[in-house]
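Lettering of chains follows the sequences in order, A, B, ..., and the numbering in each one begins at 1.
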There are 2 protein chains.
Amino acid sequence: MTCSMNYAPQLRAQGLRMTPQRKAILHALHHSGGHLSPTQVYELARKEFSSLTEPTVYRTLEYLAEKKFLLAAHVGNGKIVYELAQNQHHHLICHQCGGTVQVEHAPLELLYRQLESSTGYKLDSSHVTFFGLCSDCQS
Amino acid sequence: MTCSMNYAPQLRAQGLRMTPQRKAILHALHHSGGHLSPTQVYELARKEFSSLTEPTVYRTLEYLAEKKFLLAAHVGNGKIVYELAQNQHHHLICHQCGGTVQVEHAPLELLYRQLESSTGYKLDSSHVTFFGLCSDCQS
DNA sequence: TATGCTATTGTAAAAAGTTGCAATAAGGAA
DNA sequence: TTCCTTATTGCAACTTTTTACAATAGCATA
């Protein structure tokens with residue numbers, strides 16, 4: 001748990017507290033490098049802080065995502081995965097082989113502007129996942 | 001259950017069977033007019049066919065969505081809702097008041113083409129939900 | 001360093017969603 | 001109409017996710 005990343009100041013800046021539970025959860029996400037389901041976060045983070053409980057994991061993930069420290073993404077059928085909100089991006093998933101490609105947020109910006117002007121809404125986030133067949137699976 | 005809609009031929013055209021369970025589920029979705037969560041579908045459809053069970057509802061919704069009879073959409077935090085696949089559209093949700101606006105699929109087509117050429121994937125569906133503040137809640 | 005406010009957690013129980021497998025019944029063919 | 005194939009369902013057990021509320025512990029302040 002001697003992790004180089006220190007999220008405490010960022011959390012406090014928004015009135016959130018740093019707890020060993022959150023440290024373990026962020027640590028798990030940081031070192032996995034990718035997306036983790038709540039269950040995976042629970043399993044990994046428990047190695048850092050063994051008395052961690054499921055409700056805490058679910059609540060923390062949802063709350064930190066709401067506060068923009070994490071991104072929640074959908075992977076097929078309604079499953080949700082989380083990752084650190086380092087760089088905003090989306091996913092393109094092959095529903096044959098499961099292969100995933102990251103889609104930068106930039107190409108969506110134009111769409112954002114269009115929607116804002118046509119609806120009057122002020123957009124600030126989105127859950128976007130695209131599905132299709134990757135080049136290998138198209139044959 | 002004397003519903004004007006008759007999905008049986010469409011189902012059979014794809015090798016699917018029409019059962020009283022499916023009839024009740026489609027009926028519920030048809031008459032609700034909007035999005036329903038699996039639980040809501042279960043409750044409503046049970047009024048038409050009381051011996052309906054949860055596993056059947058979940059499996060049927062997922063399967064019919066896969067076969068394009070239904071659309072699965074995400075409404076915040078990982079919850080999933082289903083609706084009849086009449087017209088392909090997405091949602092823009094105000095996370096203050098919960099107000100929802102339908103977003104046509106057309107404006108996303110350009111993005112689809114861009115992604116296809118940059119990734120080599122052949123897109124065929126997406127889970128897209130935008131979040132923001134509606135004009136009323138921006139003050 | 002000690003104090004107090006309140007954000008955060010654990011507990012326990014319920015609700016929601018999933019799985020494997022044997023039994024049932026749609027609906028095409030005889 | 002009857003038979004046959006196999007898609008679909010129910011059952012039962014299990015895993016995942018959520019909720020309410022009391023107890024705990026960050027951390028700002030003095």
Visitor: To the side chain of A:Thr53, which of D:dA12, D:dT9, C:dG10 is closest?
Guide: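 Among D:dA12, D:dT9, C:dG10, the one nearest the side chain of A:Thr53 is C:dG10.
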Visitor: Any idea which of D:dT16, C:dT19, C:dA12 is nearest the A:Thr39 side chain?
Guide: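 When the side chain of A:Thr39 is considered, D:dT16 is the closest of D:dT16, C:dT19, C:dA12.
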Visitor: Distance check needed: D:dA7 C1' versus B:Glu66 CD, whole Å only.
Guide: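 After rounding, the gap between these two atoms is 14 Å.
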Visitor: Name the residue closer to the 5' end of DNA chain C, choosing between B:Pro38 and A:Met18 according to the nucleotide with the nearest heavy atom.
Guide: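 Per heavy-atom nearest nucleotide, the more 5' residue is A:Met18.
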Visitor: How long is the line joining CG of A:Leu61 and P of D:dT16, in whole Å?
Guide: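 A:Leu61 atom CG is separated from D:dT16 atom P by 14 Å.
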Visitor: Just how far, in rounded Å, is P of C:dA26 from OH of B:Tyr63?
Guide: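 My rounded result for the distance is 16 Å.
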Visitor: Looking at B:Gln21, I'd like to know whether one of its side-chain N or O atoms comes within less than 4.0 Å of OP1 or OP2 on D:dG10.
Guide: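 Yes, such a contact exists.
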Visitor: Whole angstroms only, please: what is the CD-P distance between A:Glu54 and C:dA16?
Guide: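 Spelled out: CD on A:Glu54 to P on C:dA16 is 18 Å.
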Visitor: Could you walk me through whether A:Ile25 and A:Tyr42 pass the side chain to side chain contact (heavy atoms under 4.5 Å, CB included) test, one step at a time?
Guide: CA-CA 8 Å; A:Ile25 289 170; A:Tyr42 176 63; over 6 Å; no
Visitor: Could you state the atom-to-atom distance from CG of A:Leu11 to C1' of D:dA25 in whole Å?
Guide: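 Distance check: A:Leu11 CG to D:dA25 C1' gives 16 Å.
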Visitor: Please report whether the ring centroid of B:Phe131 lies less than 6.0 Å from that of A:His127.
Guide: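 Yes - the distance between ring centres of A:His127 and B:Phe131 falls below the 6.0 Å cut-off.
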Visitor: Report the residue from B:Leu133, B:Ile93, B:Val101 that forms a side chain to side chain contact (heavy atoms under 4.5 Å, CB included) with A:Tyr121.
Guide: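 Going through B:Leu133, B:Ile93, B:Val101 one by one, the side chain to side chain contact (heavy atoms under 4.5 Å, CB included) with A:Tyr121 is satisfied by B:Val101 alone.
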Visitor: Among C:dA26, C:dT18, C:dG10, which nucleotide sits nearest the side chain of B:Pro20?
Guide: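 For the B:Pro20 side chain, the nearest candidate turns out to be C:dA26.
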Visitor: When you measure from the side chain of A:Arg17, which nucleotide among C:dT8, C:dA25, D:dT9 comes out closest?
Guide: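 Closest nucleotide among those given: C:dT8.
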Visitor: Could you tell me whether the phosphate oxygens of D:dG10, OP1 or OP2, come under 4.0 Å of any side-chain nitrogen or oxygen in B:Thr56?
Guide: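 So the side chain of B:Thr56 is within the cut-off, an N or O lying under 4.0 Å from OP1 or OP2 of D:dG10.
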Visitor: Phosphate oxygens OP1/OP2 of D:dA7: is one of them under 4.0 Å from a side-chain N or O of B:Thr19?
Guide: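 For D:dA7, OP1/OP2 do not have a side-chain N/O of B:Thr19 under 4.0 Å.
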Visitor: Whole angstroms only, please: what is the OH-P distance between A:Tyr42 and D:dT18?
Guide: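 So the OH-P distance, A:Tyr42 to D:dT18, works out to 15 Å.
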Visitor: Does any N or O in the side chain of B:Ser50 come within less than 3.5 Å of the main-chain N or O of B:Lys47, such that one atom is a donor and the other an acceptor?
Guide: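 Checking the backbone N and O of B:Lys47 against the side chain of B:Ser50, no donor-acceptor pair under 3.5 Å is found.
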Visitor: Under 4.0 Å between a side-chain N or O of A:Arg22 and OP1 or OP2 of C:dT8?
Guide: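 Yes, because at least one side-chain N or O of A:Arg22 sits under 4.0 Å from OP1 or OP2 of C:dT8.
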Visitor: Could you walk me through whether A:Glu43 and A:Arg46 pass the salt bridge (charged side-chain N to carboxylate O under 4.0 Å, His left out) check?
Guide: CA-CA 5 Å; A:Glu43 291 306 333; A:Arg46 217 151 49 126; 3.4 Å; yes
Visitor: For D:dC27 and A:Arg12 - does any side-chain N or O of the residue sit under 4.0 Å from the phosphate oxygens OP1/OP2?
Guide: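 So the side chain of A:Arg12 is within the cut-off, an N or O lying under 4.0 Å from OP1 or OP2 of D:dC27.
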Visitor: Please determine if a side-chain N or O atom of B:Tyr58 lies less than 4.0 Å away from the OP1 or OP2 oxygen of C:dA16.
Guide: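 For B:Tyr58, the contact criterion (side-chain N or O under 4.0 Å from OP1 or OP2 of C:dA16) is not met.
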Visitor: By nearest atom, which of the nucleotides C:dG17, C:dA12, D:dG10 is closest to the B:Ser51 side chain?
Guide: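 Among C:dG17, C:dA12, D:dG10, the one nearest the side chain of B:Ser51 is D:dG10.
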Visitor: Looking only at side-chain N and O atoms, does A:Thr60 come under 4.0 Å of OP1 or OP2 in C:dT9?
Guide: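 A:Thr60 to C:dT9 OP1/OP2: side-chain N or O found under 4.0 Å.
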Visitor: Step through it carefully: locate the ring centre of B:His90, locate the ring centre of B:His105, and say whether they are under 6.0 Å apart.
Guide: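 Close enough - the centres of the two rings lie under 6.0 Å apart.
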Visitor: Can you measure B:Glu62 atom CD to D:dT8 atom C1' for me and round it to whole angstrom units?
Guide: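 Checked: the CD to C1' distance equals 15 Å.
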Visitor: Looking only at the side chain of B:Arg59 (C-beta and beyond, no hydrogens), which of the listed nucleotides C:dC21, C:dG10, C:dT11 gets closest?
Guide: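 My answer, after comparing the listed nucleotides, is C:dC21.
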Visitor: In this structure, how many angstroms lie between the C1' atom of D:dA25 and the CG atom of A:Leu16, rounded?
Guide: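 Taking atom C1' of D:dA25 as the reference, CG of A:Leu16 is at 16 Å.
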